[in-house]
2 protein chains.
Amino acid sequence: MDGGEYTRDQHRSAGGALEGESPQRPRDARETRARILRAAGAVFAGRGYEAATVRDIAARAGVNQALIFRYFGSKKALLTEVMAQDGKEQVSTTPPELLFETALRGVLAEGGGAEADRLAVYLRSIGSADAAPETVRALGEEYATALAALSGAEDGTLRAQLAMAWLLGIGLMRVVVRQEPLATAEPDAVCAHVLAALDRLLPVLPGGEPGRGTGQERPGGRP
Amino acid sequence: MDGGEYTRDQHRSAGGALEGESPQRPRDARETRARILRAAGAVFAGRGYEAATVRDIAARAGVNQALIFRYFGSKKALLTEVMAQDGKEQVSTTPPELLFETALRGVLAEGGGAEADRLAVYLRSIGSADAAPETVRALGEEYATALAALSGAEDGTLRAQLAMAWLLGIGLMRVVVRQEPLATAEPDAVCAHVLAALDRLLPVLPGGEPGRGTGQERPGGRP
DNA sequence: CCCTTGTGTAAGCACACGCTTACAACGCTA
DNA sequence: TAGCGTTGTAAGCGTGTGCTTACACAAGGG
């Protein structure tokens, strides 16, 4: 399917420093590890955990597959490491009332940003691997508690998880089911609809009536 | 893991007509086919397509695995047939304005009803198998057009698909991620929240303010 | 009776997978 | 130079998979 990019020319790699870190060292374990991680992310995202093979990942990374086991121990451990990449960073660096919209826009962002890739890994691997559901649960818990905290309602956690479920579902429809018109709809349009609807669930989120484009109004408190 | 029910006593099967069709025929191809189909549904739902094995399904159905290939040709064809079971029936037999709530309640229904099983098959197999996304897309199209028809809005299809995405996401959270409290929340409570929120998206759906239980109000037109 | 057709079974083929092993090339210090 | 730990490689082991083959019964027709 995909052409054979990344066929690294053994040692003496040319000049093209591709991560902004120590360009052109011939036997660099850190670089190799990172390369494997990146390749694994792409392959897991494109095919799901079960369908992805260690040989594929090794080939894409341009390394021998034995290295994968030296560096990560097992295929499952590799998946875990791929999914654990930052992730919870966003929760702690984004103000809670913007968390949902930020995440939504991340889901809606086009074309293999690292973030969309990670979501695809979740979605495509979620059915198997049992590492995936666990990670989704853990990450989801962080998002949910952050969102629940700012809704004063008694069932705030439920409400927050319902919102997250919508996020996941939208990602599923766009990334793996690819159903039109949702798959290629304008992020702004989707965002407006979702935020408007969620106004009933989590009243503190920004975003009022549908069709307004980016939500910027209603910046402050709730009654 | 699961106890070995279904260890059919070869020929001379006892009396218990279990499908309401031609009880107790010793070598009944139709019955065997149906048994395989049922077993496949259960195994695919519990483990996802890739992780499920033909041997598992055969054992659960109490038949030789070679029969599976005689009757269905391949594992993938079996998946397709399992997912194609009725499905679109619901769309044509349910009045559009109740379609969403009916589907939602199906998703929320506890414990392996055939419907929840089929949803689990979708969700757990959606990442791989590429038969699954296709079927979800096809089925989703039917739901979406039915829902879109009753919303007069120009972007009715988008709105309908967003609603379906929520459905899928809620199913994912409950069935495969199993995140609490959503996983074991009261169907009525979830339903009320979702319908209330969707009132902004698809105004013709029943269901107004949250916390009311089943919605019955606002039966008619939109402005 | 044999022959054919439909249903069920035991055994195994070919292959791709995750993972391991034995070894070579390199960079470094002495 | 030799010694040593690190990084990379080629080859293959064991296993489980989807799927096939060759055969055993049952029933009907000549």
Side-chain angles (χ1 to χ4, degrees), chain A residues 1 6-13 21-22 24-37 39-40 43-44 47-82 125 128-131, chain B residues 1 6-13 21-22 24-37 39-40 43-44 47-82 125 128-131:
Chain A
M1 291 270 173
Y6 286 126
T7 47
R8 135 152 117 130
D9 29 317
Q10 295 304 75
H11 319 141
R12 94 184 55 194
S13 70
E21 179 132 22
S22 72
Q24 159 184 17
R25 268 258 298 286
R27 290 159 63 94
D28 185 341
R30 274 178 46 75
E31 231 300 290
T32 304
R33 235 188 94 102
R35 201 209 313 275
I36 291 172
L37 228 32
V43 175
F44 284 148
R47 247 167 300 183
Y49 174 79
E50 302 272 1
T53 75
V54 175
R55 283 169 174 85
D56 284 336
I57 296 169
R60 173 147 195 151
V63 303
N64 189 286
Q65 61 159 328
L67 282 189
I68 290 182
F69 294 96
R70 193 201 306 280
Y71 286 135
F72 299 94
S74 73
K75 185 191 178 188
K76 194 155 162 178
L78 176 58
L79 204 225
T80 306
E81 197 133 345
V82 167
S125 309
S128 39
D130 55 276
Chain B
M1 297 266 167
Y6 289 126
T7 47
R8 137 152 114 128
D9 29 314
Q10 297 301 76
H11 318 142
R12 94 183 60 192
S13 70
E21 181 131 24
S22 71
Q24 160 185 14
R25 271 259 298 287
R27 290 158 63 95
D28 185 342
R30 276 176 47 75
E31 232 300 290
T32 303
R33 234 187 95 100
R35 202 209 314 274
I36 292 171
L37 228 33
V43 175
F44 283 147
R47 246 168 300 184
Y49 175 78
E50 301 273 1
T53 74
V54 176
R55 283 169 174 84
D56 284 337
I57 296 169
R60 171 145 196 155
V63 303
N64 189 285
Q65 60 159 328
L67 282 190
I68 290 182
F69 295 96
R70 193 199 309 275
Y71 286 135
F72 299 94
S74 73
K75 185 191 178 189
K76 193 151 155 184
L78 177 58
L79 203 225
T80 306
E81 197 133 346
V82 166
S125 309
S128 39
D130 55 274

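Reminder, nothing fancy here: chain letters follow the sequence lines and each chain counts from 1.
When rounded to the nearest whole Å, the span between CD1 of B:I68 and P of D:dT20 equals 13 Å. One can place CD1 of B:I57 at 11 Å from P of D:dC19, the figure rounded to the nearest angstrom. Rounded to an integer number of Å, the gap from A:L67 CG to C:dA24 P is 17 Å. Here the C1' atom of nucleotide C:dA22 and the CZ atom of A:R70 are 12 Å apart, to the nearest Å.
Neither OP1 nor OP2 of D:dT7 sits under 4.0 Å from any side-chain N or O of A:T32.
Taking each heavy atom of B:E50 and A:E50 in turn, the nearest pair found is CB-CB, 3.6 Å. The shortest non-hydrogen separation linking B:A52 to B:R47 is N-CB, 4.3 Å. For the pair B:S125 and B:Y49, the tightest heavy-atom approach, listed with the atom from each and the gap, is OG-N, 3.1 Å.
In this structure the side chain of B:Y71 never reaches within 4.5 angstrom of the side chain of B:L37, judged on heavy atoms.
Taking OG1 of A:T32 as the start and CD1 of A:I68 as the end, the distance is 11.0 Å to the nearest 0.5 Å.
For B:A40, the side chain to side chain contact (heavy atoms under 4.5 Å, CB included) test picks out B:F44, B:I57, B:L78, B:V82, with sequence neighbours left out. The side-chain hydrogen bond (donor to acceptor under 3.5 Å, both in side chains) check on A:T53 picks up A:D56, with sequence neighbours excluded. Residues that satisfy the side-chain hydrogen bond (donor to acceptor under 3.5 Å, both in side chains) test with A:E81, not counting sequence neighbours, are A:R33.
Using a 4.0 Å heavy-atom distance criterion, B:Y71 is classed as a sugar-phosphate-only contact.
Overall bending of the helix from C:dC1-D:dG30 to C:dA30-D:dT1, expressed as the angle between end axes built from five pairs apiece, is 30° (10° steps).
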Do any N or O atoms of the protein come closer than 3.5 Å to N or O atoms of nucleotides 15-21 of chain C, and which pairs are they?
unit_1 : atom_1 : unit_2 : atom_2 : d
C:dG18 : OP1    : A:A52  : O      : 3.4
C:dG18 : OP1    : A:K75  : NZ     : 2.8
C:dG18 : OP2    : A:V54  : N      : 3.0
C:dG18 : N7     : A:R55  : NH1    : 3.0
C:dG18 : O6     : A:R55  : NH2    : 3.1
C:dC19 : OP2    : A:K75  : N      : 2.7
C:dC19 : N4     : A:Q65  : OE1    : 3.1
C:dC19 : N4     : A:Q65  : NE2    : 2.8

